[in-house]
Amino acid sequence: MPKIVHFRKKCIGCNSCFEQAPSYWHLSQQDGKSVLIGAKKKGNAYVLEISAADVEENKRAARDCPARIIQVH
């Protein structure tokens with residue numbers, strides 16, 4: 001199953017992930033960093049399994065992230 005890996009600590013809060021995949025991302029009101037909705041913390045990253053149908057929009061989010069902190073596997 002495809003998954004998203006998000007290294008949130010390095011997020012700069014640009015909001016590009018939300019613009020590409022709004023059903024998966026939002027910005028935290030507390031610190032202004034992106035949040036991968038429903039993800040579980042694993043080590044120094046947040047991980048979420050996704051459906052194959054949602055891979056492309058999240059690949060666009062990864063591609064547009066200037067900090068390069070999103071990976072889609």
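From a predicted model like this one, the values you see are computed outputs, not experimental measurements.
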Determine the minimum heavy-atom distance between [X] and [Y], stating which atoms define it.
| X | Y | answer |
| --- | --- | --- |
| E19 | P22 | O-CD, 4.3 Å |
| K10 | I69 | CB-CG2, 3.6 Å |
| V47 | K3 | CG1-CD, 3.9 Å |
| L48 | G38 | CD1-O, 3.5 Å |

Quick one: does [X]'s side chain get under 4.5 Å of [Y]'s, heavy atoms only?
| X | Y | value |
| --- | --- | --- |
| Q20 | E57 | no |
| I4 | I70 | yes |
| S16 | P66 | yes |
| V55 | V72 | yes |

How far does [atom1] of [X] sit from [atom2] of [Y], to the nearest 0.5 angstrom?
| X | Y | atom1 | atom2 | answer |
| --- | --- | --- | --- | --- |
| K33 | H6 | NZ | NE2 | 9.0 Å |
| M1 | H73 | CE | NE2 | 15.5 Å |
| S23 | I50 | OG | CD1 | 9.5 Å |

Under 3.5 Å, is there a donor-acceptor pair between the [X] and [Y] side chains?
| X | Y | answer |
| --- | --- | --- |
| S34 | H26 | no |
| D54 | Y24 | yes |
| N15 | W25 | no |

Item to check | More than 12 heavy atoms of other groups within 6.0 Å of K41 NZ | outcome: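 Above 12, so yes.
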Checklist entry - Are Y46 and F7 linked, directly or through other ILVMFWY residues, by side chains that come within less than 4.5 angstrom of each other? => result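 No; F7 is not reachable from Y46 via cluster members.
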Checklist entry - Do F18 and V5 share a hydrophobic cluster, counting only Ile, Leu, Val, Met, Phe, Trp and Tyr and linking them when any side-chain heavy atoms are less than 4.5 Å apart? => result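 In one cluster: yes.
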Next on the checklist: One thing to verify: whether D31 and R8 come together as a salt bridge, which I'm taking to mean a side-chain N less than 4.0 angstrom from a carboxylate O.
Outcome noted: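 A salt bridge links R8 with D31.
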